[in-house]
Asks: 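Pasting in a structure now, in structure tokens, and then I'll have a few things to ask.
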Number of protein chains: 2
Amino acid sequence: MSRFDATENRINLTHQRFPDYPREPAMLVRLVKAISQHVHDTANLVLRQYGLNHTDYNVLMMLYGCQQEGMTVTQLRDAAAEKSANVTRVCNILYDRGWMARFADPQDRRRVLVSLTPEGEALVEQFLPSMSSLLNEYGSAFDAQETAMLEILLKRLLGVAEQIERNL
Amino acid sequence: MSRFDATENRINLTHQRFPDYPREPAMLVRLVKAISQHVHDTANLVLRQYGLNHTDYNVLMMLYGCQQEGMTVTQLRDAAAEKSANVTRVCNILYDRGWMARFADPQDRRRVLVSLTPEGEALVEQFLPSMSSLLNEYGSAFDAQETAMLEILLKRLLGVAEQIERNL
DNA sequence: ACCAAATAGTACACAAATGAACTATTTGGT
DNA sequence: ACCAAATAGTTCATTTGTGTACTATTTGGT
């Protein structure tokens, strides 16, 4: 019995009490929230042994997957889907631990470029097996076709969510 | 051009550098995170006029959709998918504002039962139109079949995520 | 009946996230 | 050329979220 049943029952009853409350999107949004929380919590458990948390990991992975010599903090903010102030906070931590390098962008003096240090690269490659295993477990929920379908549907939902936020 | 493209490019490159890093589930997990964040941010904007934030809303909705006279804090924790300490924190706020009632459970002296006050019910019904509109906008991304498919797939992913966490 | 283990909810210290303000720099319009 | 508006990144105060410890109560095994 999933804990989500409790959530679902509440949503169904809300829809009955207030018929304009749209059951389906409410469910989707709650499911997304619950999954995100679980992933976050589990990732935190896995990453603890490396002295990291999920947010650190997200930022590090975006740096690892960067093909230029460095990326701006704004690029990192977008890729990691974190607020600017939080990116700065996490970057400070990573920098203090020697995993991140910072240098001025010669093309725009407002900008700071950030990249992984060799120690940072080594750290990432240290935790990548564990995190890959975890991700594979999530992926095991679906076959290839379902995975592709889900990616398409989620991308669409994200597109709409981004649009809604822009229009506010 | 979605900001998610930046994320996707980093994931693709990471997969090239480290082929065991599973591109598909990494994408799914990142999409879920991004959507959750957008929903959270937008909900906060919408709810601000009522003096509420997204977490408050989530808790209130679980209370509104409760058919018994009250629910235990543990039930609320499960339904709202929040940590116990956070539920207590939010309940304190709602209680202080007169939106929530608290009383002892006659059947188990460890338990506290919580429910909406009439003012709390009125508050919920005040913001329900706005939040319903927002949810309908998210739902507009899909037709009925896609919605049903997405709900099924996300429920499965949540089931796996819950299982993984239990096994740790 | 007794007692260890489990449970319920809260307090509290701390971590993580965020909004707003800020300074420096760049851009775009006149 | 000038300047207002926009941008980049950081700081900082505050809010939000969480892990752990705690007390009281209940459960389950002997």
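We name chains A, B, ... by the order of the sequence lines, and we start the count at 1 in each one.
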Asks: In chain order, what residues pass the side-chain hydrogen bond (donor to acceptor under 3.5 Å, both in side chains) check against B/D41, with sequence neighbours excluded?
Replies: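 For B/D41 the side-chain hydrogen bond (donor to acceptor under 3.5 Å, both in side chains) partners, ignoring immediate neighbours, are A/K83.
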Asks: Donor-acceptor check, side chain of A/N44 to backbone of A/H54, threshold 3.5 angstrom: yes or no?
Replies: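 Checked: pair present.
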Asks: Spell out, as yes or no, whether a donor-acceptor pair under 3.5 Å connects the side chain of A/D56 to the backbone of A/N53.
Replies: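 Confirmed, A/D56 side chain pairs with A/N53 backbone.
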Asks: In residues 50-65 of chain B, what residues come within less than 4.0 Å of DNA chain D, judged by heavy atoms?
Replies: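 Heavy-atom cutoff 4.0 Å gives B/N53, B/T55.
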Asks: Short question: side chain of A/H15, backbone of A/Y21 - any donor-acceptor pair under 3.5 Å?
Replies: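 It does hold such a pair.
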Asks: Does the B/S36 side chain pair with the main chain of B/V32, one donor and one acceptor, at a distance under 3.5 Å?
Replies: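 The answer is no, because no donor-acceptor pair under 3.5 Å joins these two groups.
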Asks: Please state how far atom CE in A/M71 lies from atom C1' in D/dG9, giving the value in whole angstrom units.
Replies: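 Rounded to the whole Å, the gap is 15 Å.
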Asks: Test your reading of the model: is there a side-chain donor-acceptor pair from A/R109 to the backbone of A/A104, 3.5 Å cut-off?
Replies: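 Answer holds: no.
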Asks: When A/V59 is tested against each of A/I93, A/L94, A/V114 for side chain to side chain contact (heavy atoms under 4.5 Å, CB included), which residue passes?
Replies: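 Running side chain to side chain contact (heavy atoms under 4.5 Å, CB included) over A/I93, A/L94, A/V114 with A/V59 returns exactly one hit, A/L94.
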Asks: Does B/R17 reach the main-chain N or O of A/Y64 with its side chain, forming a donor-acceptor pair under 3.5 Å?
Replies: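 Here the side-chain-to-backbone pair exists.
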Asks: Taking CG from B/D105 and P from C/dT7, how many angstroms apart are they, rounded to a whole number?
Replies: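 Between P of C/dT7 and CG of B/D105: 17 Å.
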Asks: How many whole angstroms separate atom CG of B/N44 from atom C1' of C/dA20?
Replies: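 Roughly 16 Å, once rounded to whole Å.
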Asks: What is the distance, rounded to the nearest whole Å, between atom CZ of B/R110 and atom C1' of C/dA8?
Replies: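 That distance rounds to 6 Å.
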Asks: Expressed in angstrom and rounded to an integer, what is the separation of A/R111 atom CZ from C/dT26 atom C1'?
Replies: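 In whole Å, C/dT26 C1' and A/R111 CZ are 9 Å from each other.
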Asks: Specify the separation, in whole Å, of atom CG of A/D41 and atom C1' of C/dA16.
Replies: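 Rounding to the nearest Å, CG of A/D41 and C1' of C/dA16 are 13 Å apart.
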Asks: I'd like to know if A/E82 pairs up with B/K33 as an ion pair, taking the criterion as any Lys NZ or Arg NE/NH1/NH2 lying under 4.0 Å from an Asp or Glu carboxylate oxygen.
Replies: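 Answer for the salt bridge query: yes.
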Asks: In whole angstrom, give the distance that lies between atom NE2 of B/H40 and atom P of C/dT18.
Replies: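 Rounded to the whole Å, the gap is 6 Å.
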Asks: Can you list every pair that meets side chain to side chain donor-acceptor pair (under 3.5 Å) and has a residue in residues 137-148 of chain B, with sequence neighbours left out?
Replies: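 Side chain to side chain donor-acceptor pair (under 3.5 Å) check on residues 137-148 of chain B returns A/R156-B/E146.
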Asks: For DNA chain D, determine which residues of residues 27-37 of chain B have any heavy atom closer than 4.0 angstrom to one of its atoms, and list them numerically.
Replies: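 Within this stretch, nothing sits under 4.0 Å of the strand.
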Asks: Taking A/W99's backbone N and O only, do any of them form a donor-acceptor pair with A/T117's side chain (distance below 3.5 Å, no angle check)?
Replies: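 Checked: pair present.
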Asks: Please give the stem ranges for DNA chain D, sorted by first residue number, where a stem is three or more consecutive Watson-Crick or G-U pairs and both donor-acceptor distances are under 3.5 Å.
Replies: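 DNA chain D forms these stems: C:1-30 with D:1-30.
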Asks: Which of residues 72-100 of chain B sit near DNA chain D, with a heavy atom under 4.0 Å from it?
Replies: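 Nucleic-acid contacts, sorted: B/K83, B/A85, B/N86, B/R89.
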Asks: Ignoring hydrogens and angles, state whether a donor on the side chain of A/R89 or A/N86 is under 3.5 Å from an acceptor on the partner side chain.
Replies: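 Distance-only check passes for A/R89 and A/N86.
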Asks: A/Q107 CD to D/dG9 P: how many Å, rounded?
Replies: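 About 13 Å, once rounded to whole Å.
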Asks: Say whether B/Y57 and B/Y50 are linked into one hydrophobic cluster, either directly or through other cluster members, by side-chain heavy-atom distances under 4.5 angstrom.
Replies: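 In one cluster: yes.
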